[in-house]
Protein chains: 2
Amino acid sequence: MVRASPPPSDPAASAQPAASLPRRVTLKDIARALKVSPATVSNAYNRPDQLSPQLRARILETALALGYSGPDPLASSLRRGRAGAIGVVYDATLSYAFADPAASLFLGGLARALEEQNLGLLLIPSPQRPSLQRPDAQNARPQEPSLRAAAQPATGRVQSASVDGFVVYSASDGSELLKAVLGRGLPVVLVDQSQVEGVAYIGIDDAGGARAAARHLLDLGHRQIGVLSLEFGPQGPDEPTGTARGTEQSRGTVTPEREAQLSYHTTAERLRAYRGAAAEAGATLFVMEAQDNTPQEAETLALELLRTTPGVTALLCMSDVLAQGALSAARKLGLEVPGSLSVVGFDDVPSSAALGLSSVHQPTAQKGELAGRALVELLAGGAARELILPTQLMVRGSSGPVRK
Amino acid sequence: MVRASPPPSDPAASAQPAASLPRRVTLKDIARALKVSPATVSNAYNRPDQLSPQLRARILETALALGYSGPDPLASSLRRGRAGAIGVVYDATLSYAFADPAASLFLGGLARALEEQNLGLLLIPSPQRPSLQRPDAQNARPQEPSLRAAAQPATGRVQSASVDGFVVYSASDGSELLKAVLGRGLPVVLVDQSQVEGVAYIGIDDAGGARAAARHLLDLGHRQIGVLSLEFGPQGPDEPTGTARGTEQSRGTVTPEREAQLSYHTTAERLRAYRGAAAEAGATLFVMEAQDNTPQEAETLALELLRTTPGVTALLCMSDVLAQGALSAARKLGLEVPGSLSVVGFDDVPSSAALGLSSVHQPTAQKGELAGRALVELLAGGAARELILPTQLMVRGSSGPVRK
DNA sequence: TTGTACGCGTTATCAT
DNA sequence: ATGATAACGCGTACAA
């Protein structure tokens with residue numbers, strides 16, 4: 001039934017016995033059908049001015065008739081040497097990225113910059129991290145990291161992504177994904193993470209923003225402040241974080257061991273700034289690490305913190321998502337905000353204005369747009385630049401003077 | 001220090017006059033360098049069991065030395081016949097998609113289903129619609145739609161996307177983009193829009209949800225209800241919506257002409273359900289069309305509606321984003337919610353719970369996940385199915401009995 | 001307009 | 001077992 005080889009192709013006799021196999025129609029097929037050169041058919045699609053309108057019309061017509069929907073993008077990309085898309089890698093699952101409004105906003109800005117250039121955005125799936133299932137003993141088995149890494153799904157998708165460049169968003173220090181990206185040798189823009197020598201970078205003034213947030217609360221008189229922190233480091237199967245996680249007694253409470261693993265640049269910067277400001281004012285910080293950047297997680301942590309440490313009068317949250325969870329916790333406890341509890345977030349996502357949440361604003365969408373532009377420049381042969389965007393504290397109704 | 005070009009490596013005669021141009025190293029280069037066949041090098045990457053470990057090690061090693069980062073994804077995809085990614089088209093700009101939490105959630109679910117299969121997600125840029133600039137006379141010039149369409153950037157990206165299938169999300173009826181997608185002849189899953197015969201479909205019970213929302217307000221005694229509607233139809237340059245938009249006197253107010261252009265399935269379904277429920281109860285609806293699904297737009301519309309129609313005691317909003325804008329408007333007017341104004345949204349995005357917004361819940365992320373699975377099934381040769389997911393009214397604090 | 005070499009690998013099929 | 005040969009995937013660009 002399957003006729004793999006091309007038909008004898010005796011043009012005179014029209015040897016095609018029947019519409020044999022459902023092989024995909026290609027450009028050549030329609031060229032053959034019209035007895036023109038493949039080049040002409042190609043031109044019909046890509047350089048209409050290179051052939052007579054009537055020939056072009058005939059070509060398009062028979063293409064339609066034969067069910068040919070234009071040149072294969074893959075083949076075309078291969079020949080042209082450009083994939084027409086850029087890859088985005090995020091050091092967490094994609095589903096996670098989309099759940100975070102700030103990440104979404106960033107992607108939106110990025111998309112805007114790219115759609116101007118008619119570039120597609122290829123989201124590269126990250127390894128699923130088994131964050132929800134607790135790491136049982138099985139995971140402990142060594143995996144000869146050297147060779148396995150080369151063929152691992154984690155980095156594998158990076159290596160097999162048909163893209164012209166990458167944007168890496170908030171990868172942890174020493175991330176395998178990042179290494180894989182750098183290994184591809186394509187233009188790269190790094191965003192919201194540790195810089196790498198010679199690689200384009202877009203970031204924000206994390207320290208400044210965090211300091212402003214902390215000082216704001218300190219100025220209001222708060223001296224016992226809880227911190228709802230973003231993750232310290234990745235928890236993926238590849239990453240050696242097992243131990244600290246195993247020994248934690250109280251969920252979320254930060255042990256020195258855990259703090260030693262601080263490998264997310266953003267988290268580290270903000271935490272350091274919080275600490276610095278608190279130290280200046282002689283205030284005490286109670287740090288809880290949220291395993292996930294979700295309101296649920298934050299609510300749980302806030303409830304626990306407020307239960308175990310009643311002296312806390314304010315919460316510094318490293319994201320608005322966490323802050324929203326903190327607000328929920330306050331409501332559940334019947335704590336007035338800001339009367340009995342002040343809450344300050346970070347990111348200033350759109351819904352925070354409606355919630356009256358005090359927060360550190362960062363130009364999230366613009367950051368994405370700039371990252372896109374930076375990559376486009378790189379693609380055009382431009383030089384790698386680095387850019388730090390400002391942050392700004394937005395004081396709203398969720399923070400007020402300490403009232404004891 | 002950096003040796004970009006492969007070393008001369010003249011084994012025999014070395015016809016290469018010099019390390020001429022910084023040509024990319026290819027699989028063949030490293031095959032040549034080791035005097036093995038390209039096939040062997042390929043195997044080193046893809047079928048490690050097909051060659052001796054030591055040979056493989058040597059290959060990987062010299063690959064590293066020559067700066068070869070593995071088989072070109074494009075070439076590999078071409079040969080294998082699968083792109084390893086699926087395309088998502090959304091009938092609005094991508095930046096817009098990301099600004100909508102519901103869309104983001106959907107994409108997140110989709111991404112999850114795809115990352116399980118190690119498929120990438122290629123976001124296809126839509127044409128920028130000049131929504132913000134008002135459509136001036138220039139746009140009126142005819143563009144010989146027939147031929148232009150074939151090469152238009154709008155549909156162009158669809159035709160040139162290297163993907164194995166598509167997910168089309170909320171395209172308007174008669175969307176050019178949708179036609180282009182269908183024209184590709186690849187597996188397609190349609191989501192939240194009008195169905196197409198024989199094409200897989202995932203949707204929600206829009207009518208049921210909208211009806212429940214409307215009845216809820218009606219049961220509470222409201223009889224003059226404002227509706228903050230999503231867009232009726234696309235406003236892109238290609239779409240013939242100019243006239244109605246031109247003649248609108250009062251921003252957002254819906255004219256019969258405009259309503260005749262109702263081409264978004266979701267909007268149409270919800271509106272019809274609102275209308276049906278209102279008619280049953282003898283209530284009056286005041287419909288405003290939001291050009292954009294943003295809180296700002298909604299706030300503006302709500303302010304205007306409440307100003308011009310003081311009898312309105314409740315607002316039915318077709319999205320939570322719009323509802324959040326309505327809440328802002330209420331706050332600005334000093335209207336108590338739900339005392340003086342009830343607000344009900346649609347989607348039940350995560351932040352709505354924190355806001356205490358009554359809303360129609362839909363399993364947004366799950367919808368995305370199911371769409372992904374459906375597409376994966378299609379890719380595997382499965383049959384096209386259709387699926388309608390349920391919605392559920394979540395009554396929270398933003399809706400209450402009418403109080404006059 | 002057209003011939004045709006080339007882009008870069010992959011996957012049978014063969015040979016040792 | 002191991003490795004090589006060669007056809008093939010689908011267009012595109014440049015010379016003719």
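Heavy-atom basis, side chains included; hydrogens, waters and symmetry copies ignored. Throughout, a chain's letter reflects where its sequence line sits, starting with A, and its residues are numbered from 1.
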Calculate the interatomic distance between B/I59 atom CD1 and C/dG9 atom C1'; express it in whole Å. 14 Å
Could you give the OH-to-P distance, from A/Y45 to D/dC10, as a whole number of Å? 15 Å
Holding to side chain to side chain donor-acceptor pair (under 3.5 Å), I want the full list of residues that pass it with A/D72, two or more places apart in sequence or in another chain. A/R24
Between A/Y68 and D/dC10, is there a side-chain N or O to OP1/OP2 distance below 4.0 Å? no
Of all pairs that satisfy salt bridge (charged side-chain N to carboxylate O under 4.0 Å, His left out), the ones with a partner from residues 58-71 of chain A, not counting sequence neighbours: none
Gap between atoms CZ and P, on B/R32 and C/dC8 respectively (whole Å): 11 Å
Would you say A/R47 reaches C/dT1's phosphate, i.e. side-chain N/O to OP1/OP2 under 4.0 Å? no
Output all residues satisfying side chain to side chain donor-acceptor pair (under 3.5 Å) with B/S76, sequence neighbours left out; order by chain, then residue number. B/R80
For A/S76 and D/dC10, is the shortest distance between a side-chain N/O and OP1 or OP2 below 4.0 Å? no
From the set C/dT10, D/dC10, C/dC8, return the single nucleotide nearest to any side-chain atom of B/N46. C/dT10
Please write out each protein N/O paired with an N/O of nucleotides 1-3 of chain D under 3.5 Å, distance rounded to 0.1 Å.
from	atom 1	to	atom 2	distance (Å)
D/dG3	OP2	B/S52	N	3.2

Using the salt bridge (charged side-chain N to carboxylate O under 4.0 Å, His left out) criterion, which residues pair with A/K28? Sequence neighbours excluded. none
With nearest nucleotides of DNA chain D determined for B/A39 and B/L78 from heavy-atom distances, which residue corresponds to the more 5′ nucleotide? B/A39
Can you tell me which nucleotide in C/dT10, D/dT12, C/dC8 comes closest to the side chain of B/A75? C/dC8
When you measure from the side chain of B/S77 to the backbone of B/P73, do you find a donor-acceptor pair of N or O atoms at a distance under 3.5 Å? yes
Considering residues at least two apart in sequence or located in another chain, which fulfil the side chain to side chain donor-acceptor pair (under 3.5 Å) criterion with A/R82? none
B/R47 side-chain N/O to B/T40 backbone N/O, donor-acceptor pair under 3.5 Å: no
Tell me the interatomic distance from B/L74, atom CG, to D/dG11, atom P, rounded to whole angstroms. 14 Å
Applying salt bridge (charged side-chain N to carboxylate O under 4.0 Å, His left out), can you list everything that pairs with B/R373, at least two apart in sequence or on another chain? B/E116, B/E369
Checking contacts here: which listed nucleotide (C/dG9, D/dT12, D/dC10) is nearest the side-chain heavy atoms of A/R79? D/dT12
For D/dG11, take OP1 and OP2 only and decide whether either is under 4.0 Å from a side-chain N or O of A/T26. yes
Note down the inter-axis angle between the two ends of the helix from C/dT1-D/dA16 to C/dT16-D/dA1, five pairs each, to the nearest 10°. 40°
Tell me, please, which residues at least two apart from A/A371 pass side-chain contact (heavy atoms from CB on, under 4.5 Å). A/F106, A/L110, A/V189, A/V191, A/I202
Length of the CZ-C1' vector between A/R82 and C/dC8, whole Å: 17 Å
Stepwise salt bridge (charged side-chain N to carboxylate O under 4.0 Å, His left out) test for A/R157 and B/E115: CA-CA 10 Å; A/R157 297 312 299 179; B/E115 59 194 352; over 6 Å; no
Phosphate-side-chain proximity, A/R24 and D/dG9, N/O vs OP1/OP2 below 4.0 Å: no
With a 4.0 Å cutoff (strictly under), does any side-chain N or O of B/R80 reach OP1 or OP2 of C/dG9? no
